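Written out below as structure tokens is the structure these notes cover.
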Amino acid sequence: MKAAVCREFNKPLQIEDITIAQPQEGEVRVKLAACAICHSDITYMDGGWGGTLPLVLGHEAAGVVVETGTGVRNIQVGDHVLVTLIRSCGHCADCENGEPFICSTFFPIDVDSRLTSEKGEKVGQGLHTGAFAEEVVVDQSQLVTLPKDFPLDAASLLSCGVITGLGAVVNTAEVEYGSSVVVIGCGGVGLNAVQGAALVNAAPIIALDLVEEKLPAAGEFGREEGLVQAF
Ligand SMILES: [Zn+2]
Ligand SMILES: [Zn+2]
């Protein structure tokens with residue numbers, strides 16, 4: 001399959017033919033239809049987090065299941081799915097404590113990527129995923145099934161930007177009905193924070209950004225005309 005490989009920080013990704021291994025126990029292979037570009041990928045590509053190269057980034061994706069490993073439950077070939085970077089075992093102390101996003105269980109994929117270059121070298125799966133590619137193999141817990149009539153390009157945004165922005169409002173800040181909210185920055189995450197604030201009926205919602213062109217979108221994410229004041 002083709003994948004966009006990061007071989008050197010601060011350099012353009014290279015399109016290469018990569019071999020993807022069969023899914024092992026609990027893993028699923030997904031043919032991707034779309035992958036959004038998250039700023040975390042760009043920070044990684046720029047060397048902001050260091051790490052070992054080569055690597056395939058991309059972690060905000062959606063596609064169709066083409067193969068399942070042994071022990072996979074609730075996911076079948078043909079299912080339309082979101083692919084996220086969040087894995088959870090469901091039974092470690094963190095998962096039991098209601099915090100599956102910091103699951104402390106070891107996943108085999110972390111040390112043994114399912115990707116190999118044409119020269120036979122291992123290519124890492126950035127942010128546990130590696131979705132700047134035609135296919136991924138990930139743990140079953142990284143998938144969420146979707147209705148088959150849901151457009152996969154729009155769905156891919158649910159894998160990171162939407163849940164990050166909405167989660168900041170609903171889970172982290174626990175914004176209550178009628179609270180006033182200021183969202184600083186109206187990119188993919190910020191717009192979804194605006195949307196989250198509108199969903200919990202915060203008012204007023206003030207959206208700030210240095211880039212004028214982003215402000216009309218912030219108004220639209222407020223659901224009702226005039227709810228969001230964008231500056
Ligand atoms: Zn992201
Ligand atoms: Zn866990």
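Quantities reported herein were computed from a predicted structural model and do not represent experimental measurements. Whatever order the structure lists ligands and atoms in, that order sets their numbers, starting from 1.
- Using a 4.5 Å cut-off on side-chain heavy atoms (C-beta onward), Val169 and Gln195 make no contact.
- Under a hydrophobic-cluster definition in which Ile, Leu, Val, Met, Phe, Trp and Tyr are linked whenever side-chain heavy atoms come within less than 4.5 Å, directly or via other members, Val138 and Ile20 are assigned to different clusters.
- For the residue pair Thr145 and Asp79, no side-chain donor N or O sits within less than 3.5 Å of a side-chain acceptor on the partner.
- In this structure, Gln142 and Thr129 have side chains that are in contact, with non-hydrogen atoms separated by less than 4.5 Å.
- For the pair Pro23/Val28, no side-chain contact is recorded, criterion being any heavy-atom separation below 4.5 Å from C-beta on.
- Contact check for Val30 versus Leu143: side-chain heavy atoms found under the 4.5 Å cut-off.
- Around the Zn ion (ligand 1), protein atoms of type N, O or S found under 2.8 Å number 3.
- Salt bridge status for Arg29 with Glu135: present, with a side-chain N to carboxylate O gap under 4.0 Å.
- Using a 4.5 Å heavy-atom cutoff, the side chains of Val123 and Leu55 are not in contact.
- Around the Zn ion (ligand 2), protein N, O or S atoms at a distance under 2.8 Å total 4; waters are neither shown nor counted.
- Note on Arg87 versus Asp110: salt bridge recorded, some NZ/NE/NH1/NH2 to OD/OE distance being below 4.0 Å.
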